[in-house]
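These notes are about the structure you will find just below.
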Amino acid sequence: MTKQIQQLDRVIIRFAGDSGDGMQLAGDRFTQETATFGNDLSTFPNFPAEIRAPAGTLPGVSSFQLHFADHDILTPGDAPDVLVAMNPAALMANLDDLPRGADIIANTDEFTKRNLTKVGYDANPLEDGSLDAYQLHAIPITSITVKALEGFDISKKDAERAKNMFSLGMLCWLYNRPADGTLRFLESKFASKPEIMKANIAAFQAGWNYGETTEEFSVQYEIKPAALPKGNYRNINGNTALSIGLVAASRLSGLPLFLGAYPITPASDILHELSKHKRFGVKTFQAEDEISGVGAALGASFGGALGVTTTSGPGMCLKAETIGLAAAVELPLVICDIQRAGPSTGMPTKTEQADLLMALYGRNGESPVVVIAPSTPGDCFTTALEATRLAVKYRTPVIILSDGYLANGSEPWRVPDLAELPDLSAEFAFASVDDSAGAFQPFKRDPQTLARPWAIPGTKGLEHRIGGIEKADGSGTISYDPDNHDKMVRLRQAKIDGIAADIAPLEVDDPDGDARVLVLGWGSTFGSIGAAIRLVRLAGGSVAQAHLRHLSPFPANLGDVLKRFDKVLVPEINLGQLALILRGRYLADVISYNRVRGLPFRAAELAGVIEDVIANA
Amino acid sequence: MTKQIQQLDRVIIRFAGDSGDGMQLAGDRFTQETATFGNDLSTFPNFPAEIRAPAGTLPGVSSFQLHFADHDILTPGDAPDVLVAMNPAALMANLDDLPRGADIIANTDEFTKRNLTKVGYDANPLEDGSLDAYQLHAIPITSITVKALEGFDISKKDAERAKNMFSLGMLCWLYNRPADGTLRFLESKFASKPEIMKANIAAFQAGWNYGETTEEFSVQYEIKPAALPKGNYRNINGNTALSIGLVAASRLSGLPLFLGAYPITPASDILHELSKHKRFGVKTFQAEDEISGVGAALGASFGGALGVTTTSGPGMCLKAETIGLAAAVELPLVICDIQRAGPSTGMPTKTEQADLLMALYGRNGESPVVVIAPSTPGDCFTTALEATRLAVKYRTPVIILSDGYLANGSEPWRVPDLAELPDLSAEFAFASVDDSAGAFQPFKRDPQTLARPWAIPGTKGLEHRIGGIEKADGSGTISYDPDNHDKMVRLRQAKIDGIAADIAPLEVDDPDGDARVLVLGWGSTFGSIGAAIRLVRLAGGSVAQAHLRHLSPFPANLGDVLKRFDKVLVPEINLGQLALILRGRYLADVISYNRVRGLPFRAAELAGVIEDVIANA
Amino acid sequence: MPDTPKSLTLVPHSDERLGMKDFKSDQEVRWCPGCGDYAILAAFQSFLPELEVPRENLVIVSGIGCSSRLPYYVNSYGLHSIHGRAPAIATGLASSRQDLSVWVITGDGDALSIGGNHLIHALRRNVNIKILLFNNRIYGLTKGQYSPTSEQGKVTKSTPFGSLDTPFNPLSLALGAEASFVARTIDSDRKHLTSVLRAAADHRGAAFVEIYQNCPIYNDDAFLPVTEPGQREHNVVRLEHGQPVKYGPEGEHGLRFGKLGSIEAVAVADVDPESLLVHDAHVEDPSYAFALSRLDQTDFAHTPIGVFRSVERATYDDRMSEQISAVV
Amino acid sequence: MPDTPKSLTLVPHSDERLGMKDFKSDQEVRWCPGCGDYAILAAFQSFLPELEVPRENLVIVSGIGCSSRLPYYVNSYGLHSIHGRAPAIATGLASSRQDLSVWVITGDGDALSIGGNHLIHALRRNVNIKILLFNNRIYGLTKGQYSPTSEQGKVTKSTPFGSLDTPFNPLSLALGAEASFVARTIDSDRKHLTSVLRAAADHRGAAFVEIYQNCPIYNDDAFLPVTEPGQREHNVVRLEHGQPVKYGPEGEHGLRFGKLGSIEAVAVADVDPESLLVHDAHVEDPSYAFALSRLDQTDFAHTPIGVFRSVERATYDDRMSEQISAVV
Ligand SMILES: Cc1ncc(C[n+]2csc(CCOP(=O)(O)OP(=O)(O)O)c2C)c(N)n1
Ligand SMILES: Cc1ncc(C[n+]2csc(CCOP(=O)(O)OP(=O)(O)O)c2C)c(N)n1
Ligand code: SF4
Ligand code: SF4
Ligand SMILES: [Mg+2]
Ligand SMILES: [Mg+2]
């Protein structure tokens, strides 16, 4: 039967099921197809910390949300238009987010008495009319899949496992997604198990046909590709972008990349990704702990490599002492903290921005470092380049504050060609003998940058010894002289402060130019703040937006920007850490807005907050 | 010959020599005698980080300064009235601090060509008239001592070593100090080596007689005892006071004291002191590293002990993750950070206040803890009690920020009797079954304190499991619920903030009541700020002083206090860490004054700064 | 057990008859289906009543990892701490509370990677704690990176071209660290696992127990040669104190000292019976236990399980208390 | 040396004839008079020219401690890092720069207390670094607390009633950690010290060298039995590969295997010469070296010095480079 086709400009779908149901995979495949198709998109995978949380329970629910459109979008969206609920827990856990009228595709096979009571439904919501406000599609996904796979010589378990492919096929049909990519993916994934491969492909097609042939869906949707700037795009998540960015930085600077890392969620994928890039000479060292990871990276930096270490909150604590040493010996070092919800172990798979003050101040003594934060998954690439530039030019540790939301969330990203990227090798030079008139002075600073010479082993005539004990200005020999210490403390600070002149000023987006309220954010909240701002402006509100990439030092114009507005709203996924520093540095009475739920802000919620601020401005 | 006796109200003497010359010992003995005699006093030992820095060099100079008076004093003083210089290096290193007319007692035996050139004297300052502005006493201390000990069957080396006792004897005569204490001290110290003992005693007496019989000193000085409040006094340094305070806290709370520590300068002496107190059941555990030290302390706290760990800056970095765990599981824990000059290894034996921001924010996520700081050596005792009170009452980590100056500096301290000390056992109670209606809820909070129950193993019916993963409010079971996390983050913060209602308000000292300038300090700068204030007031200036003991949370009235003054000056031995927080919290435009020289402020210098501020107020 | 296990002499005795269910908590167990941790948990819970210790005097301390989730599932006092630090935390607890039975649950990453230092020091000090190391030769919780016990060349997420490092032999490391009690057992062999737990509880001091644990998700069948019927009979060498060491379906294989202190496997038939090893777990010199620990270096061809070493040595906590009672 | 020491095959060769003085820096040495560190520094500086490596390709990495000050005194590249972390830092340097000769200088506290974990992992990985552990059995720089190698019952500032813990035997620990090269020597025996440094440099991989070092200030005469003329002849057992192990003034003593893999000291006269040990540093199985390491457990009655173990095993850094060159 032919079906009517309806045009949409944007759709938000959410796959939800048990950790074991393969929702992340289904969501990821749908995303890849959507990327190939050319929509703009933004994703939000949300899963439990356990490998396999208990089946059918609320903590066990794993979901994947995808927002795609024919125009540029900023977030995975607040409210799904379609929810795929593979079991009662998935329905219960996600229903609150659904707007009335949304489509719910429920796998009836799993709505058994046992599963219902497990999450506290005393009646079956698919039958008791409690979902009347929604478009319910009650489909026995498991049994149809199993039936469709009867012909194959595979276990019942394997047949059931294929139900995620059935759902995927159904949605691909519903939204007119290409299928070839998925088929190719399945072929390679199950290359070693041909029967399973065929079965999964069959399940996918069964889902597709189900959509096409049954009465279940009366319309099919079409979302035109988005008109993105020309270029070769790939869908990328933050951790991958950061990894590729580091590889690019290595090539652009001519410095071999050495990663010292200890696995930790949500940072591990950077180690995984970089360990594949042997062909670019990338060396990855899985250390015995975080201290060793950063220590090895610093050792590599001392040897003239681009030393990098990656971790998350608890691991950052352990790196503090070595970062302090790096600040004291003034060597380049890139530290990536992929923030997660704390304190302590906290909620490993949930996002948060609460490591800012630790990054700025979490070391003994006055040990200033550079701190920067990416704003979107793709921006993690750019941030890696900027971190490298500042680290090698100023011989300083640079901390990158990404987070779980950026790490796993994805968006289409235009693959740049090396040619258009900055030549980082021009930003620094290793010291060579002729630099040093007379005896080599390892702490003689460049008057411009205040950076000390980076003299690497193997350079004849520059043999020298450095360490964490206070050093005499210039000569770098051990010194306990009181005034020298005061001077060195101030020089180290001045070097970092001076970088303000070498970074982009803060840009303010204020189209009407008459906004009296500024919303100032940093890091991963860029998307939700931007989306909220759009809502406010759509509703006729006038508001300006600015987003900080550099948190230490701040852009030189930050103080002036703050002064220009009656009210400055600072939304953060912490208890107001940036706000504290802004107030302390500029005595600006900024307004903090904080939600620390382990999730990105909802644009609508933020829009409300902004409107209140405008109303009181 | 009888000599004229001159009354003085205060004297500052400084013993200076090679690390090997025993100046710390001489100074310490003189101090003990002075304490017994009943003067008020304040000391400042200043020594190199090396065990034995190279003989005769500037880095090798070790000095001990003592300020004593017939009235109460606040600091070791800026400018010595008498300098004992055992060698050229000692003279050169200390001369700048001497006011014109000061007495210099120089050991001529060491002013050899070789020693002079070693530090860059091309002429002998004892002879070239360059010291004409001072009262020079050029005495061949070594040779006189050796001569005086000819009778004894000891090595020349040992005879020479006794020269510090000769100097001590000389000064004890000059300032009329009792001698018995020193004699008793020498008897016990060298009990195993009677010949050495007799020799040292003889050297001491030789010094005494030298003063009495020679023409060298025309006058002898007398400084009357100070009229201190009644009581039994002992001279005590900060580390000892802190140690005794912890033992007292253990007895007052009825909790066995468990110290987990890894040695580090300048904190090691607390471990040394506490390891002597076995009779109070104190258990000291020298751990393999700082992480183990704090971990063991937390384990002991979980078991119902008073868990304590002690360290300095670099070690604090390593404890961060475990302190975060303690904040998350909400158990009592006392962490003593005896700050030293940083960053990194820095200058281990020099003082600094630059760990404040690390103490406040140096952990992943939002993990608020209590932070307090002692203001004088003796106050370390009181601070230990306060730390224990807050830790056990609120089940929270409490960080004590002492520093090298307080740790090694000493002052007379009135020994309290337990009776007059607070009954800490009244501040808390272990949970017992009846507390919990129905199933035990390890995170059900006391509505007053917001503290959770402290249910220790061995308590039947309260078996429970806790950890660093986010917990459900009340039940404490693992929870990834977004709103629960936001709630718990705020509850943990609210618990700490709430403590403001349970601590002493900030007291302002403003005798005339008309001061428009407030000097606000924290920690070990109390003495130098106080002395500076006295100078300003003596000169007719009007200025108020306030000093913070509680840095997290701040006293409830701090905001109001700041508002009451036109100008607030905040002197810190860092780059303005407290100032940043004050500005951020209260938007108060406080003025930072910072000198980061590894030394306490000079009162005179501070006074000048204060006067400038007053002038511009 | 007839008389009090040696590690419990200062721990109160429980008169209520506790059963396995008394040690089950109300928390839902969150491991993957088929995870070896289930078997270990079950064996542990059914063994605990044997100790006749009140539930409230039992404390389980763990680090971070799948294995380290175990405390949540046992109805006693439990502390799920931070990665690698459990031995340090347990040291503070055990030496300040000798009336508790303290167990440490850890994994190969938790104990041997980030926690290696605390482990070796706890063993050397001989603190009265029982350390159960769940060795699945992989990082489970972080989804499958190689661990310090993974075989060299292991292909994992973090080593797509194969791991480079020589793995630790946990028992050799423990013996090198002056451990007074060292044993090995297997998740799937409940009877043997229980006997080893029993021996550990009966050791006063630090007991180190390596438990081969299968991770079906990230390192399935890592221990097949010693778990699979048909293979295990040939590969598993059961050590029993005072017994001649024989193994193989008909006990046709034995062990004896070869040259320069190394132990070799031999066919009983071919050698002078006198030369065959009779297991002695109590020899002071750890060299013997060390040589035993080297037997399974390469493959699992002959893998000893049971108590390798168990010697008496004053514990850290006992000595600490003695010093105090000496002065008070 | 005739041909390039194995650890230096990728390091440039220096054609200038360097002497001891070339390796002296301009920094004043800051150790106490009579400190054993002086002797070690002198031996090291006079040995370095032998390597025929350009000064600029020599890097010394240390942690914190009196011993760890050494890099300041050698005119090469040096990094005086933080407490216990030198092996980790050196691992990053050595595996990213194979053209360097990387030496780690550490102390018993630095390497075995706070740095224990990095040490054992560096050994297991077999990174091409040379680790010299100055063992004075005390914390020197922090003014005399007991260390993990201090004998039990040691009275120090932090243990006024005597220390409680069983010390580590550094060699046993290293062997338990899969070390491929393990040796011991003495500060005061310059000739032997130099020969051991030579052997270490000739080992490709992680070389672990324990150097008995006297701290006259806080632990004087700790090694008297093996340094004092009159005693040392009786106590020191010099190991030389391929040579029968004999010691004593007239070589009247020897070693042989006793029961259950332990090595015992015997009077040569009393035993069948066949049964006497002939030292073999190259046996694969570390059980032999381990047994040797247990000889001086209690007192110094018979203390082996020299190279206990030296076996070839691919290094971490070589393997790392191979993986890369395999794909590029
Ligand atoms: C400080 C810190 N670093 C890293 C992690 C991440 N992490 C958690 S468990 C783990 C390793 C788990 O392996 P193992 O100890 O073998 O336990 P298993 O899951 O295999 O039972 C790691 C690296 C962490 N939680 N904390
Ligand atoms: C993180 C940290 N913890 C503690 C210290 C203090 N500390 C410096 S050296 C040292 C131990 C030195 O002993 P060892 O390694 O044996 O060296 P030695 O001085 O005996 O040569 C300690 C505890 C430190 N510098 N840093
Ligand atoms: S990942 Fe492996 S070890 Fe962890 S629970 Fe699953 S099966 Fe068990
Ligand atoms: S304290 Fe001991 S080890 Fe340190 S320098 Fe002095 S003598 Fe040497
Ligand atoms: Mg594991
Ligand atoms: Mg030492």
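Just so we're on the same page: letters track the sequence lines, and every chain starts at 1.
Interface summary for chain C: among B:G295, B:A455, B:A297, B:G468, the most heavy-atom pairs under 4.5 angstrom belong to B:G295. Chain B forms the most heavy-atom pairs under 4.5 Å with one residue out of C:R125, C:Q323, C:R30, C:M320, and that residue is C:R125. Between chain C and the residues B:G467, B:G458, B:P256, B:A287, the most heavy-atom pairs under 4.5 angstrom are made by B:G458. Counting heavy-atom pairs closer than 4.5 Å to chain B, the top-ranked of the candidates C:L79, C:V327, C:N57 is C:L79. Most heavy-atom pairs under 4.5 Å with chain B, from the set C:G78, C:A88, C:A326, C:S321: that is C:G78. Chosen from C:P71, C:S76, C:S62, the residue pairing most often with chain B at heavy-atom distances under 4.5 Å is C:S76. Contact tally against chain B (heavy-atom pairs below 4.5 Å) for C:L58, C:D26, C:D99, C:V74: the top residue is C:V74. Per-residue heavy-atom pair counts under 4.5 Å with chain B were compared for C:L100, C:I120, C:V61, and the maximum is reached by C:L100.
C:Q27 is not listed as a side-chain neighbour of B:R465, based on a closest heavy-atom distance of 4.5 Å or more. Between C:R69 and B:I469, the closest side-chain pair of non-hydrogen atoms falls below 4.5 Å. For the pair C:E56 and B:P457, the minimum side-chain heavy-atom distance is 4.5 Å or more.
Between the side chain of C:Y72 and the main chain of B:I478, no donor-acceptor pair closer than 3.5 Å is present. Here the side chain of C:Y77 pairs a donor or acceptor atom with the backbone of B:I456 at under 3.5 angstrom. The main-chain N or O of B:G303 is found under 3.5 Å from a side-chain atom of C:R97 such that the two form a donor-acceptor pair.
The only option from C:R124, C:H121, C:H118 that meets the side chain to side chain donor-acceptor pair (under 3.5 Å) definition with B:E288 turns out to be C:H118. Checking each of B:I291, B:T322, B:L298 against C:I82 for a side-chain contact (heavy atoms from CB on, under 4.5 Å) leaves exactly one that passes, namely B:T322.
B:K283 approaches C:I324 most closely through the heavy-atom pair CG-CD1, 3.5 Å.
A 6.0 Å sphere centred on CZ of B:R251 holds no more than 12 heavy atoms belonging to other residues, nucleotides or ligands. The neighbour count for C:K143 NZ, taken as heavy atoms of other residues, nucleotides or ligands under 6.0 Å away, is above 12.
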- Working for salt bridge (charged side-chain N to carboxylate O under 4.0 Å, His left out), residues C:E16 and B:K460: CA-CA 13 Å; C:E16 8 166 13; B:K460 193 174 179 55; 2.7 Å; yes
Note to self: With side chain to side chain contact (heavy atoms under 4.5 Å, CB included) as the criterion, how do C:I89 and B:F302 come out once you've worked through the C-alpha distance, each side chain's angles and the decisive distance to 0.1 Å?
What the structure shows: CA-CA 9 Å; C:I89 292 169; B:F302 182 69; over 6 Å; no
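For chain C, the nearby part of B:V282 is the backbone; its heavy atoms alone come within less than 4.5 Å. For B:S301, no part sits under 4.5 Å from any heavy atom of chain C, backbone or side chain. Both the backbone and the side chain of C:S95 come within less than 4.5 Å of a heavy atom of chain B. Interface residue B:F258: only side-chain heavy atoms are found under 4.5 Å from chain C.
For the atom pair B:L255 CG and C:S96 OG, the distance stands at 11.5 Å (nearest 0.5 Å). Within the model, atoms CD1 of B:I466 and OG of C:S81 stand 10.5 Å from one another, a figure rounded to the nearest 0.5 Å.
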